[in-house]
Amino acid sequence: MRRPQHDPRELAAIFAGGALGALARTALSEAIPHRAGAWPWATFAVNIAGAALLAWVVTLLNERLPPSRYRRPLLGTGLCGALTTFSTLQLELLSLLDDGHVALAAGYVLASLAAGLGVVWLVTGLVRRGGIA
Amino acid sequence: MSVALWVGVAVLGGLGALARFGLDGAVSRRVKGAFPAGTLAVNLTGALALGALAGADVDGDARLLAGTALLGAYTTFSTWMLETHRLGEDGRRLAMAANVVVSVGLGLAAVAIGRALA
């Protein structure tokens with residue numbers, strides 16, 4: 001299997017987007033520290049905001065705008081990918097379960113999934129109807 | 001937080017995103033079919049690594065850099081949700097459900113294993 005050749009500028013766009021996403025997420029997690037046994041607001045907020053932003057970027061770029069080489073790597077792969085997190089979500093879930101907060105853990109994972117899929121569905125529909133740009 | 005720490009967050013965040021792009025591409029080229037195996041591979045390896053950081057009691061600036069910046073940027077919730085939604089749109093209900101259940105189930109297992117191994 002042949003390795004695909006990557007455009008260095010595409011990689012630079014992913015790096016720049018990833019750096020911005022990590023800065024934004026770190027700033028929020030420092031501003032809203034997570035307390036054990038409490039709802040992880042910082043993670044929840046970046047994940048849902050990032051899912052909405054990614055649905056907007058991908059639907060707009062794939063379906064409504066002329067092809068662009070660097071917008072998706074910068075905004076989608078880089079920014080939204082780095083802003084949101086799966087690993088922290090899972091560690092928070094496990095910690096809640098460890099501490100016996102089963103209902104809170106279940107509520108957190110179900111709310112993350114429902115809100116995450118919900119905003120993707122909503123934003124995708126709005127962009128396709130020309131509602132957002 | 002010092003300026004050096006913020007610079008570290010930015011650099012590791014950029015590297016995490018590149019690592020995700022690399023592994024996702026490598027896995028997606030090898031695994032045929034509609035199931036987003038690349039994102040799953042990224043998220044499970046990242047969950048395993050974050051579990052190991054927690055198990056080794058890495059905290060403070062090192063935890064911020066390795067956990068929040070690097071592994072936070074490496075793993076992704078947004079792509080997981082977008083791919084799940086698109087599977088549903090394509091009528092692939094089973095793959096859609098599997099992508100949710102397998103990710104959460106194996107994700108929890110990966111964190112627990114990482115923590116136990118560290």
Side-chain angles (χ1 to χ4, degrees), chain A residues 1-4 6 10-12 14-27 29-30 43 46-55 58-59 73 76-91 93-95 97-98 109 112-113 115-121 124, chain B residues 1 5-6 9-22 24-26 29-30 39 42-51 53-54 64-65 67-82 84-86 88-89 96 100 103-104 107-112 114-115:
Chain A
M1 198 170 298
R2 203 165 53 86
R3 276 184 79 80
H6 289 301
E10 181 189 15
L11 299 180
I14 292 171
F15 182 89
L20 283 176
L23 287 172
R25 178 162 168 249
T26 301
S29 69
E30 291 290 298
T43 308
V46 288
N47 276 348
I48 304 312
L53 185 62
L54 183 66
V58 169
T59 311
T77 311
L79 181 65
C80 294
L83 180 66
T84 65
T85 178
F86 176 86
S87 48
T88 303
L89 166 71
Q90 297 296 326
L91 182 62
L93 274 180
L94 193 66
S95 302
L97 291 172
D98 279 349
V109 71
S112 294
L113 289 166
L117 286 172
V119 293
V120 170
W121 175 79
T124 300
Chain B
M1 276 175 65
L5 198 52
W6 283 108
V9 166
V11 170
L12 289 169
L15 292 176
L18 282 174
R20 169 164 36 83
F21 178 71
D24 179 22
R29 280 193 300 278
R30 284 166 179 79
T39 303
V42 165
N43 279 344
L44 292 183
T45 49
L48 184 77
L50 189 64
L53 285 181
L64 182 82
L65 290 169
T68 309
L70 182 65
L71 293 174
Y74 176 65
T75 63
T76 178
F77 176 86
S78 51
T79 303
W80 177 38
M81 287 295 102
L82 186 79
T84 304
H85 172 261
R86 297 307 200 244
E89 273 196 336
M96 182 196 190
V100 170
S103 296
V104 173
L108 277 174
V111 177
R115 211 168 54 170

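Residue numbering restarts at 1 for every chain, and letters A, B, ... go by the order of the sequence lines.
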Do side-chain atoms of B:T75 reach the backbone of A:S87 as a donor and acceptor pair under 3.5 angstrom?
-> yes
Does B:W6 CH2 have over 12 foreign heavy atoms under 6.0 Å away?
-> yes
Options B:G72, B:G67, B:A69, B:G114, ranked by heavy-atom pairs under 4.5 Å with chain A, top entry = B:G72
Any idea which of A:T43, A:V109, A:D98 has the most non-hydrogen atom pairs under 4.5 angstrom with chain B?
-> A:D98
Looking at A:G76, A:A51, A:A55, which makes the most heavy-atom pairs under 4.5 Å with chain B?
-> A:A51
Of the backbone (N, CA, C, O) and the side chain (C-beta and beyond), which part of A:L20 lies under 4.5 Å from a heavy atom of chain B, both, or neither?
-> neither
Honestly, the part of A:L91 sitting under 4.5 Å from a heavy atom of chain B is both
One should read off an interatomic distance between B:L5 CG and A:T26 OG1, to the nearest 0.5 angstrom, of 8.5 Å
Region of A:A27 that comes under 4.5 Å of a non-hydrogen atom in chain B = both
Heaviest contributor of heavy-atom pairs below 4.5 Å to chain B, chosen from A:L53, A:T59, A:L97, is A:T59
In terms of heavy-atom pairs under 4.5 Å with chain A, the winner among B:L50, B:V100, B:T45 is B:L50
Short side-chain to backbone donor-acceptor contact, A:R25 and B:T68, under 3.5 Å | yes
Shortest non-hydrogen contact from B:G13 toward A:A22 = CA-CB, 3.5 Å
Largest heavy-atom contact set with chain B, pairs under 4.5 Å, which of A:I48, A:L93, A:L54 | A:L54
Can you say whether B:V104 sits under 4.5 Å from chain A via the side chain, the backbone, both, or neither, judging by heavy atoms?
-> both
B:R20 versus B:T79, side-chain donor and acceptor atoms under 3.5 Å | no
Closest heavy-atom contact between B:L108 and A:Q90?
-> N-OE1, 3.2 Å
By a 4.5 Å heavy-atom criterion (distance strictly below it), what part of B:A54 contacts chain A: side chain, backbone, both, or neither?
-> side chain
Interatomic spacing from CG in B:D24 to CZ in B:R29 - rounded to 0.5 Å = 9.5 Å
Looking at B:V9, B:T84, B:N43, B:V11, which makes the most heavy-atom pairs under 4.5 Å with chain A?
-> B:N43
Does a side-chain heavy-atom distance below 4.5 Å link A:F86 with B:V42?
-> no
Among A:G81, A:A12, A:S112, residue most engaged with chain B (heavy-atom pairs, under 4.5 Å) | A:G81
Toward chain B, the part of A:S29 with a non-hydrogen atom under 4.5 Å | side chain
After noting the C-alpha distance and the side-chain angles of B:M81 and A:T84, does the key distance pass the side chain to side chain contact (heavy atoms under 4.5 Å, CB included) rule?
-> CA-CA 11 Å; B:M81 287 295 102; A:T84 65; over 6 Å; no
Part of B:L12 lying under 4.5 Å from any heavy atom of chain A | neither
Check whether B:S103 gets within reach of chain A through its side chain, its backbone, both or neither, counting any heavy atom under 4.5 Å.
-> both
